[in-house]
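First comes the structure, then the notes that go with it.
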Amino acid sequence: MTEDLFGGPPGEAERIGAGSALLRGFALPSAADLVAAVDAVISAAPFRRMSTPGGQAMSVTMSNAGALGWITDRRGYRYSPVDPQSGRPWPPLPGCVLSLGRAAAALAGYEDFVPDACLINRYEPGSRMSLHQDRDEKDFDAPIVSISLGLPAVFLFGGLSRSERTARVTLAHGDVLVWGGPDRLRFHGVMPLGAGEHPVTGACRINLTLRKAG
DNA sequence: GAGTAACC
DNA sequence: GCTC
């Protein structure tokens with residue numbers, strides 16, 4: 001299922017599905033800026049542990065930037081224009097995150113991607129994300145853009161039903177994964193993060209997920 | 001595969 | 001976006 005996407009350089013890119021592309025190392029040139037931008041967002045909207053509607057604590061801690069932020073609590077999964085913890089709007093989507101996400105989406109064939117939400121997930125060793133679909137967004141025409149920073153993680157990329165077998169893709173610091181079109185509703189998740197130390201992020205992985213939610 | 005919540 |  002892996003096939004050449006762009007017919008060569010720059011960088012390494014591969015199709016991992018009809019509507020999906022993995023851009024290896026794509027965010028490396030701006031990684032320091034991205035991490036600084038995340039730090040600024042987090043100073044205004046700190047990482048917090050959310051609970052699922054069923055009351056289970058998530059193993060990642062989360063925050064958001066942009067006009068809309070993904071949240072979960074007893075009332076369900078949804079997007080909110082304000083940080084429920086502060087009552088204030090989420091911090092603006094950093095320019096370097098927006099430009100990187102748009103460039104990655106364009107390379108993957110999504111030219112007019114205008115994200116309004118950036119979910120920031122912090123994985124510590126043992127943190128995971130169980131298999132799920134992203135379906136709280138209003139329109140599924142826009143792709144999902146996932147930027148990986150810090151410790152590597154094994155990403156699970158499944159099919160349109162939960163029972164389909166999953167492909168395993170290691171996502172490293174600087175990798176950007178884009179999925180949309182026929183792959184937009186594919187189940188996906190992340191295996192428990194292994195222990196380690198990364199020179200840029202320390203003992204964690206930061207994932208930025210850009211979406212058009214509204 | 002099913003239950004979990006809340007909404008469609 | 002959880003757990004069994």
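Letters go in sequence order (proteins before strands), and every chain restarts at 1.
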When A:Trp179 is tested against each of A:Leu185, A:Ile16, A:Asp134, A:Val145 for side chain to side chain contact (heavy atoms under 4.5 Å, CB included), which residue passes?
A:Asp134
Quick one: A:Leu131 CG to B:dT4 P, roughly how many Å, whole number?
21 Å
What do the steps show when you test A:Arg168 against A:Phe155 for side chain to side chain contact (heavy atoms under 4.5 Å, CB included), and what is the final call?
CA-CA 6 Å; A:Arg168 284 159 170 72; A:Phe155 183 78; over 6 Å; no
Given atom CZ of A:Arg128 and atom P of C:dG1, what is their separation to the nearest angstrom?
12 Å
Under a 3.5 Å limit for both distances, which nucleotide forms a Watson-Crick or G-U wobble pair with C:dG1, could you say?
none
Could you give the CG-to-C1' distance, from A:Leu193 to C:dG1, as a whole number of Å?
16 Å
A:Ser163 side chain: which of C:dG1, B:dA5, B:dG1 is closest?
B:dG1
Contact class for A:Ser59 vs. all strands (heavy atom < 4.0 Å): base, sugar-phosphate, or nothing?
nothing
Rounded to the nearest Å, what distance is computed from the CG atom of residue A:Leu156 to the P atom of nucleotide C:dG1?
14 Å
Rounded to whole angstroms, how far apart are NE2 on A:His132 and P on B:dA5?
20 Å
Could you state the CZ-C1' distance from A:Arg186 to C:dG1, rounded to the nearest angstrom?
18 Å
From C:dT3, B:dG1, B:dA6, nucleotide with atom closest to A:Arg75 side chain:
B:dA6
Whole Å only: how far is the CG atom of A:Asp136 from the P atom of B:dA5?
17 Å
Separation of atom CE in A:Met50 from atom C1' in B:dA5, rounded to whole Å
16 Å
Indicate, with a heavy-atom threshold strictly under 4.0 Å, whether A:Asn121 touches base, sugar-phosphate, or nothing.
nothing
Using O4'-C1'-N9-C4 for purines and O4'-C1'-N1-C2 for pyrimidines, with syn meaning within 90° of 0, is C:dG1 syn or anti?
syn
Knowing that exactly one of A:Val38, A:Ile120, A:Val176, A:Leu171 qualifies, which makes a side chain to side chain contact (heavy atoms under 4.5 Å, CB included) with A:Ile147?
A:Val176
Of the options B:dA6, B:dG1, C:dT3, whose atoms approach the side-chain atoms of A:Gln56 most closely?
C:dT3
Is any NZ, NE, NH1 or NH2 atom of the basic residue among A:Glu124 and A:Arg122 found under 4.0 Å from an Asp or Glu carboxylate oxygen of the other?
yes
Hey, does A:Arg135 reach any base, or is it just sugar-phosphate, or nothing, if we go heavy atoms under 4.0 Å?
nothing
Under 4.0 angstrom, heavy atoms only, what part of the nucleic acid is A:Arg162 near: base, sugar-phosphate, or nothing?
base
Tell me which one of A:Val60, A:Asn207, A:Asn64 satisfies side chain to side chain contact (heavy atoms under 4.5 Å, CB included) with A:Leu119.
A:Asn64
